[in-house]
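Everything below concerns the one structure shown next.
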Amino acid sequence: MLQLTVLREQTDQVVAGLTKRNYKNAAREVAGLLQLDQQRRQVQNEHDELQSKANNISKEIGMLLKNGEREKAEAYKAETAVLKQQTKTLAEQLSAIEDTMQQALYKLPNIPHESVPAGRTAEDNEIVLQHGEIPQLSEGALPHWELIQKYDIIDFELGNKITGAGFPVYKKQGARLQRALINFFLDEAIKAGYMEVQPPILVNEASGYGTGQLPDKDGQMYHATADDLYLIPTAEVPITNLYRDVIVPVAELPIKNAGHTPCFRREAGSWGADVRGLNRLHQFDKVEIVQITLPEKSYETLEQMSSYIQSLLQKLELPYRVLRLCGGDMSFTSALTYDMEVYSAAQGRWLEVSSASNFETYQASRLKLRYKTESGKTQLLHTLNGSALALPRIVAAILENNQTPDGINMPKVLHPYLGFEKIG
RNA sequence: AGAGAGUUGGCGGAGUGGUCGAUCGCGGCGGUCUUGAAAACCGUUGACUGUAACAGGUCCGGGGGUUCGAAUCCCUCACUCUCUGCCA
């Protein structure tokens with residue numbers, strides 16, 4: 001969530017930032033908020049003043065009663081009745097204003113970093129770099145949804161039967177490949193200094209607000225209404241929320257956590273050829289890395305995370321490219337996002353397999369995630385996260401890119417994890 | 001799921017209607033002492049809001065109520081613990 005002090009002190013930058021994201025009526029929204037803020041402070045002032053008076057009278061009454069001056073005390077009581085009524089009215093006004101402001105603030109997305117390109121759609125994203133050779137497949141190469149049938153390693157029909165579309169069943173070498181990737185990713189993360197965590201995959205509403213999925217993406221999460229819990233769309237939610245309401249000792253920074261979880265996405269409104277096979281699922285596995293850093297370190301950290309994610313793709317021998325997302329394509333909460341895409345040779349498409357973002361203080365302000373400066377001031381930290389990596393599209397690319405007439409060759413780095421070198 | 005107990009500052013733990021934002025202990029920080037450290041002793045140590053800075057206001061699980069006044073009384077919700085039940 002954007003902070004009011006920032007809105008107040010850097011109004012022009014905020015409006016410019018929102019506009020870069022194609023946020024409509026940015027100037028008007030911000031002006032409205034500032035006006036409310038003004039109002040709020042005025043009402044609060046009046047309220048506090050009356051409250052202060054009332055507090056003093058109460059103390060006075062206490063003293064009088066102690067001294068047995070009952071009549072004087074009664075006179076004072078009468079006086080407070082009016083005060084009380086006025087205070088109550090002001091308090092109601094105040095909380096109404098605060099509610100309105102809160103709602104408005106929840107609707108404002110993060111301000112993009114200056115390096116974020118302007119633009120509306122994925123077309124406008126900037127290609128930062130491309131790495132690796134695009135594989136040339138021989139005649140008769142198959143897309144992954146046919147390969148998985150041919151080798152009987154992932155079964156969509158069975159998933160349909162027991163759950164529904166978008167919930168595949170991994171079998172045999174397919175299941176083994178899942179497990180290998182998860183272990184590989186976690187081992188690499190630990191080597192890179194991340195602490196492994198296994199968080200719950202159901203979270204409460206407060207957690208959803210903390211990382212910004214609520215109220216913005218309400219319809220995208222599965223909601224277990226009987227207990228009012230949400231299935232996580234990413235491990236970012238529980239892992240970052242571990243630090244909700246925490247003032248972190250500076251010595252413990254940066255915090256580096258990694259965790260594997262299943263992720264659940266309703267993908268309401270998604271359709272078309274793009275969603276075939278493993279391209280888009282309701283449930284998938286992902287290893288997520290999360291960092292919490294000092295504000296002045298966060299962009300350096302984002303570059304590190306980006307390099308780390310790229311190192312995984314290199315080890316898996318997948319051709320990839322890195323995109324800097326434009327203002328219109330970035331997620332609500334992000335200030336700067338890099339997407340990593342692998343080339344899926346049989347489909348002839350780039351598939352997003354990771355997204356690494358710096359949220360600056362946007363999540364931290366909702367989370368009340370802070371540290372103390374040397375001068376003793378509490379200040380918001382910066383949060384970052386990235387997929388390292390999401391499995392299904394990695395699997396799709398591995399299957400398609402490495403297919404041969406006699407089977408699918410597995411990347412060398414996975415051999416010890418797999419116990420086999422080839423599918424088929 | 002049934003019965004009972006509980007939820008207070010980083011932690012432990014007082015406080016049952018009136019200068020209580022909260023006794024005390026531990027921990028943390030600063031100091032005295034010491035070659036250094038420990039011990040001991042002294043001091044200090046919550047967050048939010050607000051202000052140019054003071055002042056002021058709010059916060060004792062969440063919400064609501066009673067009262068001139070609530071951490072303390074009442075209602076309600078959530079969570080935790082113990083016993084019983086069920087269960088990987």
Side-chain angles (χ1 to χ4, degrees), chain A residues 1-9 33-105 198-210 214 223-230 238 241-253 255 262 292 361 364-381:
Chain A
M1 188 163 57
L2 298 178
Q3 293 151 273
L4 276 171
T5 49
V6 175
L7 255 65
R8 261 183 239 151
E9 288 160 20
L33 258 167
L34 288 177
Q35 201 184 340
L36 277 172
D37 181 44
Q38 189 86 24
Q39 236 183 72
R40 185 194 109 246
R41 281 183 289 171
Q42 193 193 324
V43 173
Q44 185 171 23
N45 257 328
E46 289 174 37
H47 169 269
D48 288 357
E49 210 166 296
L50 293 181
Q51 187 63 256
S52 170
K53 266 188 204 168
N55 287 346
N56 284 331
I57 291 175
S58 288
K59 278 180 195 165
E60 195 65 29
I61 290 175
M63 299 294 261
L64 291 170
L65 288 177
K66 205 176 252 176
N67 297 334
E69 302 185 61
R70 181 160 285 279
E71 273 177 37
K72 261 189 174 170
E74 288 301 327
Y76 267 127
K77 279 193 197 181
E79 195 176 317
T80 56
V82 185
L83 268 182
K84 224 176 133 182
Q85 191 49 50
Q86 291 174 329
T87 312
K88 198 179 166 194
T89 309
L90 286 169
E92 279 162 7
Q93 275 179 40
L94 187 60
S95 72
I97 293 171
E98 279 171 345
D99 273 4
T100 311
M101 289 178 72
Q102 188 62 250
Q103 294 313 314
L105 278 173
Q198 272 191 35
I201 59 176
L202 280 166
V203 295
N204 56 29
E205 194 182 42
S207 297
Y209 274 94
L214 291 174
H223 188 189
T225 50
D227 296 287
D228 201 15
L229 296 173
Y230 294 86
N241 270 282
L242 295 175
Y243 300 91
R244 176 148 45 88
D245 275 317
V246 172
I247 297 178
V248 183
V250 172
E252 288 174 22
L253 295 169
I255 288 169
I292 298 168
T361 59
S365 79
R366 290 193 182 190
L367 293 161
K368 298 193 176 61
L369 167 53
R370 294 160 296 173
Y371 72 107
K372 268 199 181 14
T373 62
E374 278 186 34
S375 58
K377 243 182 102 182
T378 49
Q379 242 170 3
L380 295 171
L381 286 161

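Values below: every heavy atom of this structure, side chains too, minus hydrogens, waters and symmetry copies.
- One C1' atom belongs to B:G65, the other to B:G17, and the distance between them is 15 Å to the nearest Å.
- Nucleotides B:U7 and B:C59, compared at atom C1', are 16 Å apart to the nearest Å.
- Spacing between atom CD of A:E46 and atom P of B:G50 amounts to 16 Å, rounded to whole angstrom units.
- Atom C1' of B:C73 sits at a distance of 10 Å from the matching atom of B:U67, rounded to the whole Å.
- The distance from atom CG of A:L4 to atom P of B:U49 is 10 Å, rounded to the nearest whole Å.
- With P as the reference atom, B:A38 and B:G21 are 37 Å apart, rounded to whole Å.
- Taking atom P on both nucleotides, B:U8 is separated from B:C60 by 12 Å, rounded to a whole Å.
- Remark: C1' of B:U49 and CG of A:D37 are 12 Å apart, rounded to the nearest angstrom.
- Residues A:V203 and A:P238 come closest through the heavy atom pair CG1-CB, 4.1 Å.
- A 4.5 Å side-chain heavy-atom check between A:V246 and A:K368 finds every atom pair outside the cut-off.
- Between B:G15 and B:G25, the distance separating the two C1' atoms is 15 Å to the nearest Å.
- Protein atom CZ of A:R8 is 10 Å distant from nucleotide atom P of B:A52, rounded to whole Å.
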What is the per-nucleotide protein-contact pattern of nucleotides 57-78 of chain B, from the 5' end, where B denotes a base atom under 4.0 Å from a protein heavy atom, S denotes such proximity for sugar-phosphate atoms only, and - denotes neither? SS---------BS---------
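- Interatomic distance, A:Y230 OH to A:E205 CD, rounded to the nearest 0.5 Å: 5.0 Å.
- Taken from CG in A:L369 to CD1 in A:I247, the straight-line distance is 10.0 Å, to the nearest 0.5 Å.
- Spacing of C1' atoms, B:A78 relative to B:G64, comes out at 15 Å, to the nearest Å.
- In terms of the salt bridge (charged side-chain N to carboxylate O under 4.0 Å, His left out) criterion, residue partners of A:D37 (sequence neighbours excluded) are, by chain and number, A:R8, A:R40, A:R41.
- The CD-C1' distance, from A:Q42 to B:U49, rounds to 16 Å in whole Å.
- We find the NZ-CE distance between A:K72 and A:M63 to be 12.5 Å, quoted to the nearest 0.5 Å.
- For the P atoms, the distance from B:A52 to B:G36 is 48 Å, rounded to whole Å.
- Within the structure, a side-chain polar atom (N or O) of A:R40 is placed less than 4.0 Å from OP1 or OP2 of B:G50.
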Pairs counted only when both distances fall under 3.5 Å, Watson-Crick or G-U: show me the 5' to 3' dot-bracket for RNA chain B, [ ] for pseudoknotted crossings and | for other-strand partners. ((((((((.[[[..)..(.....]]]((((((.......))))))((((......)))).[[[[[..)....]]]]])))))))....
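- Atom P of nucleotide B:G28 and atom CD of A:E252 are separated by 14 Å, given to the nearest angstrom.
- Rounded to an integer number of Å, the gap from A:D228 CG to B:C79 P is 10 Å.
- Side chain to side chain, A:N204 and A:S207 meet the donor-acceptor criterion of an N or O pair below 3.5 Å.
- Atom CG of A:N204 is separated from atom P of B:C79 by 10 Å (rounded to the nearest Å).
- The distance from atom CE of A:M101 to atom CD of A:E98, rounded to the nearest 0.5 Å, is 8.0 Å.
- Among the heavy atoms of the strands lying under 4.0 Å from A:K372 are primed sugar atoms or P, OP1, OP2 only; no base atom is included.
- Heavy atoms of other residues, nucleotides or ligands lying less than 6.0 angstrom from CD of A:Q198 number 12 at most.
- One finds the CG atom of A:N56 at 10.0 Å from the OH atom of A:Y76 (value rounded to the nearest 0.5 Å).
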